[in-house]
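Okay, so here's the structure we're looking at.
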Amino acid sequence: CSSKKEAPAPAAAPAPAAATKPEPLKAAFVYVGPVGDAGYSYAHDLGRKYAVEKLGDKVQTTFVEKVAEGPDAERVIRDLVAQGNKVIFATSFGFMDAMVKVAKDNPDVYFEHATGYKTAPNLRVYEAKFYEGAYLAGVVAGKMTKTNTLGFVASFPIPEVLRNINAYTLGAQSVNPKVKTKVVWVNSWFDPPKETEAAQSLFNQGADVLLQNTDSTAVLQAAERAGKYAFGWDSDMSAFAPKAHLGSCALHWGVYYEKALNDVLGKTWKTEETKWGVKEGMTDFVKVADFVPADVKKAVEDAKEGLRTEKIAVFKGPLVDSSGKEVLAKDVVADDAWKGAVNFYVKGVEGKVPS
Ligand code: GUN
């Protein structure tokens, strides 16, 4: 891994009483990929920069990139605490157990973990409703597919990723009931060659519009070469595939980072589970391609507005899994417990969830 320090933003004017000026709050960010991935880690780093811009010299931030999930993460996080950081943001699911251990040993440090579920008095979790972006991509995909076969390049079979596969399919089915989704698992968050191979395999199986829950632009670029369609994920990836790119599921982590740092600065920090979506300005669907027909643009704008106003819920019954069993009764809107336990494909997703 590699790390980079950034000096605090310069104050607008020289401080009159420098001696009494509080020290900046030191916060560190841990990324699983390179900040240059143009996807997930890049989006978190944009969020870090946004918070710095908002909070100025009240904060001083550092990041470490390319940190493997597992023992390496624990070492990196301990090191960041030893360097005097008072807030640690660990931005990938697999950092969870390392965060639990290091938080236990450092009660005076605030720990923030995306996208896990374990909390403690000084450890809390946050995540974007990624699945709302996946649903919006599905609306576009359902209208644009010619083969009625969508493809999904998946990372790890955890509820978060299964929710996204299902949401993509449900969004597509909301406009095109004939749609089916095929899935290829790559067991990695960031592995461009594997992501490319998975995309190719989906094209070979007849899929013509792909979404991915991986961090790079590889799937989109594979679609560009194959003359098919795909989406940006995590950030605006439109520049990487002008012919294939239909739109991007983009995340604005900065709104949370500003809030979280303000909680520490204002001494209002408490253990919480934050899950923000379109409504809170965290999840968005951006840069719909110019060539997308007007009725498709309207369908996705309407769906986005429906999510923002909560007139649409992505997971609302009746929902049936791929074996035909009811998983959510008619008119019931899924709660967090339901969403946290998703271990199935909805009807229309082909194959079996890996065990
Ligand atoms: N990329 C790397 N880590 C993660 C994660 O925890 N969630 C998602 N959605 N993408 C990731």
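We use all heavy atoms of the structure for the numbers below, so side chains are in, but hydrogens, waters and symmetry mates are not. We count ligands from 1, going down the list as the structure has it; atoms in each ligand are counted the same way. One is the number of the first residue; the rest follow in order along the sequence.
- Phe240 and Leu251 are members of different hydrophobic clusters when ILVMFWY side chains are connected at heavy-atom separations under 4.5 Å.
- Residue Phe29 forms a side chain to side chain contact (heavy atoms under 4.5 Å, CB included) with just one option from Asp45, Thr62, Thr61, and that option is Thr61.
- The two residues Pro354 and Tyr345 have their closest heavy-atom pair at CD-OH, 4.2 Å.
- Leu210 and Val183 end up in different hydrophobic clusters when Ile, Leu, Val, Met, Phe, Trp and Tyr side chains are linked at under 4.5 Å.
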Enumerate donor-acceptor pairs with a distance under 3.5 Å from any side-chain N or O in residues 321-330 to protein atoms, sequence neighbours excluded.
unit_1 : atom_1 : unit_2 : atom_2 : d
Asp321 : OD1    : Ser323 : N      : 2.8
Asp321 : OD1    : Ser323 : OG     : 2.8
Asp321 : OD1    : Gly324 : N      : 3.1
Asp321 : OD1    : Lys325 : N      : 3.0

Write 'none' if nothing qualifies; otherwise put on separate lines each N/O atom of ligand 1 with a protein N/O atom under 3.5 Å away and their distance to 0.1 Å.
unit_1   : atom_1 : unit_2 : atom_2 : d
ligand 1 : 1 (N)  : Asp215 : OD1    : 2.8
ligand 1 : 1 (N)  : Asp215 : OD2    : 3.1
ligand 1 : 3 (N)  : Ser92  : OG     : 2.5
ligand 1 : 6 (O)  : Phe93  : N      : 2.9
ligand 1 : 6 (O)  : Thr115 : OG1    : 3.2
ligand 1 : 7 (N)  : Glu160 : OE2    : 2.6
ligand 1 : 9 (N)  : Glu160 : OE2    : 2.5
ligand 1 : 9 (N)  : Asn213 : ND2    : 3.4

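- Between the Gln173 side chain and the Lys347 main chain, a donor and an acceptor come within less than 3.5 Å of each other.
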